[in-house]
There are 2 protein chains.
Amino acid sequence: MIRINRLTDYAVIVLAEMLRAESLRTVPQLAADTSLPAPTVAKLLKVLAHGRLVTSSRGATGGYSLGRPADAISVADIIEAVEGPIAITMCVEDNDSCCGIESLCSLHGHWTRINQAIRRALTEISLTELARLPAFDMDCWPGPRTKEKVEARKAPCKTKPAP
Amino acid sequence: MIRINRLTDYAVIVLAEMLRAESLRTVPQLAADTSLPAPTVAKLLKVLAHGRLVTSSRGATGGYSLGRPADAISVADIIEAVEGPIAITMCVEDNDSCCGIESLCSLHGHWTRINQAIRRALTEISLTELARLPAFDMDCWPGPRTKEKVEARKAPCKTKPAP
DNA sequence: CTAAAAGGGGACTAATATGGTACTGTTTAA
DNA sequence: TTAAACAGTACCATATTAGTCCCCTTTTAG
């Protein structure tokens, strides 16, 4: 599967929550409203602030708010902020230090076309559209993956016979 | 980044090679012609055969050949054969055993739209188009990642100061 | 009929990447 | 000046990946 990081998903959740009540929100607030662990939300917002998707106010009454109108935030923006440039990186990954000549590597050429197609698709979907969907169903959303939960879930569900 | 498995990239390489000289090819042949490790090529072809992208002939004069015209093989087909269904799996991953009710989970809803957009983009690119590009530049292509190579590459390139 | 060549199908293991956490500043309002 | 909130970095456990190896079945050549 093509997979997007869990963190990127979290980013969408947090941003959607920020859109729902547009005001200055603190990390503890957002963590509570999204049921995500506060440290993770904090880490995420730092990255999003770097990418200018949210703006931060420091100090005792500080917090975060959306950096621009939700219409101007695309899924591509979110993904790029959290995970870096959208690319199905293959041999390219090692090249930044070694061979680095992208234009010569036809292998890379294969995928740039595909990348462009994907990127276009992602650019056309805005945060507004995502947030338009109903609120998360917390009964379904399993929440963050912590040690205890993973352990707890192993027993009742996965009925693998022990080898 | 959105990332595709390295194996999927290998699959494209192998399939392109098979297209270039359409005939019955053995695993050792293909491995040699693509500079990929033979066990990996073998593993890959088994999976591709499962997905009906290649057909296999057994026995002493056996080998593999393309299962259908290259025009009828899309990037989406290749990815699905190697990595399973195209999906940006999020909370859904755990659900097959536990909560499993996709239609209720709006989180899932967020991404199905995106999945569809990506899938469409991938379906429109065929193996023929990929293979039309020039042959791989072997000087650039770093080859498979083996212990020795990884070790060897550490020294001259990454100039991290040892901590 | 036998042996060798080739695919089929797992299982195992090392390396990597990810996600989660903690700790230590720095800024700013009360 | 103190507390609350963001900033930055570094760390560890775990999950996933890719690569390899093993034994089995099928099929053809001799």
Side-chain angles (χ1 to χ4, degrees), chain A residues 1-11 24-31 36-51 54-65 82-84 89-91 93-94 142-151 153-154 158 163, chain B residues 1-11 24-31 35-51 54-65 82-84 89-91 93-94 142-151 153-154 158 160 163:
Chain A
M1 332 174 214
I2 304 181
R3 51 176 56 193
I4 279 191
N5 288 340
R6 191 180 289 256
L7 275 189
T8 305
D9 190 36
Y10 291 171
L24 206 59
R25 314 283 290 278
T26 70
V27 167
Q29 275 174 0
L30 287 169
L36 297 176
T40 299
V41 173
K43 180 186 196 172
L44 201 45
L45 285 169
K46 288 171 197 169
V47 175
L48 292 175
H50 256 210
V54 303
T55 54
S56 64
S57 312
R58 306 184 62 163
T61 59
Y64 291 97
S65 56
V82 177
E83 315 189 18
T89 53
M90 304 276 83
C91 67
E93 275 184 298
D94 290 334
R145 185 183 44 182
T146 60
K147 253 185 233 174
E148 310 83 52
K149 291 190 183 177
V150 168
E151 279 309 315
R153 192 175 301 153
K154 274 179 187 170
K158 311 260 177 164
Chain B
M1 332 175 216
I2 304 180
R3 49 178 57 195
I4 277 190
N5 286 341
R6 194 179 289 257
L7 276 190
T8 305
D9 190 35
Y10 291 171
L24 208 59
R25 314 282 290 278
T26 70
V27 167
Q29 275 174 3
L30 286 169
S35 299
L36 296 177
T40 301
V41 173
K43 180 185 196 173
L44 202 45
L45 285 170
K46 288 171 196 169
V47 175
L48 292 176
H50 253 212
V54 301
T55 54
S56 64
S57 313
R58 307 185 62 164
T61 60
Y64 290 97
S65 55
V82 177
E83 316 190 17
T89 53
M90 306 274 83
C91 68
E93 274 185 297
D94 290 336
R145 184 183 46 180
T146 61
K147 251 187 233 173
E148 311 84 53
K149 291 191 183 177
V150 168
E151 280 307 316
R153 191 178 299 154
K154 273 179 186 169
K158 310 261 175 159
K160 280 184 202 165

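On a predicted model such as this, the values are computed, not experimentally measured, just so you know. Atoms considered below: every heavy atom in the structure, side chains included; atoms not considered: hydrogens, waters and symmetry mates.
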Rounded to whole Å, CG of A:L24 lies from P of D:dA4 at a distance of 17 Å
Of all the nucleotides listed (D:dT20, C:dG20, C:dG9), which has the minimum atom distance to the side chain of A:T40? C:dG20
Answer whether the closest heavy-atom distance between the side chains of A:V41 and A:Y10 falls below 4.5 Å. no
So does B:K46 reach the base of C:dG7 with its side chain, donor to acceptor, closer than 3.5 Å? no
Closest to the side chain of A:S56, out of C:dA6, D:dA7, C:dG8, is D:dA7
Can you check whether B:V47 reaches B:L7 side chain to side chain, under 4.5 Å on heavy atoms? no
What's the closest nucleotide to the side chain of B:Y64 if the choices are D:dG19, C:dA30, C:dG7? C:dG7
Expressed as a whole number of angstroms, how long is the span from A:D9:CG to C:dG20:P? 11 Å
Atom-pair distance (CZ on A:R25; P on D:dC6), nearest Å: 12 Å
Counting heavy atoms from C-beta on, name the nucleotide in C:dA29, D:dT28, C:dG20 closest to the side chain of A:T61. C:dA29
In whole angstroms, how far is the P atom of C:dG9 from the CG atom of B:L45? 13 Å
Between A:Y10 and C:dG20, is there a side-chain N or O to OP1/OP2 distance below 4.0 Å? yes
What nucleotide, of C:dG7, C:dA11, C:dT21, holds the atom closest to the side chain of A:K43? C:dT21
C:dG9 phosphate, OP1 or OP2: any side-chain N/O from B:H50 under 4.0 angstrom? yes
Judged by nearest nucleotide, the residue sitting upstream toward the 5' end of DNA chain C, A:A60 or A:P39, is A:P39
Do B:K46 and B:Y64 have side chains that approach each other closer than 4.5 Å (heavy atoms only, starting at C-beta)? yes
Nearest-angstrom distance from the residue atom CG of A:L36 to C1' of C:dG20: 12 Å
Please give, in whole Å, the distance from D:dT20 P to B:L44 CG? 13 Å
Rounded interatomic separation in angstrom, taking CG from A:L30 and C1' from D:dC6: 13 Å
What is the distance, to the nearest angstrom, from the CD atom on B:Q29 to the C1' atom on C:dA5? 13 Å
Over all heavy atoms of both residues, which pair between B:A38 and B:V27 is shortest? Give the atoms and the distance, please. O-CG1, 3.7 Å
Between CG on residue B:L48 and OG1 on residue B:T55, distance to nearest 0.5 Å: 11.5 Å
Please classify the nucleic acid contact of A:G62 as base, sugar-phosphate, or nothing, using heavy-atom distances under 4.0 Å. sugar-phosphate
Between C:dT26 and A:R58, counting only base atoms on the nucleotide and side-chain atoms on the residue, is there a donor-acceptor pair under 3.5 Å? yes
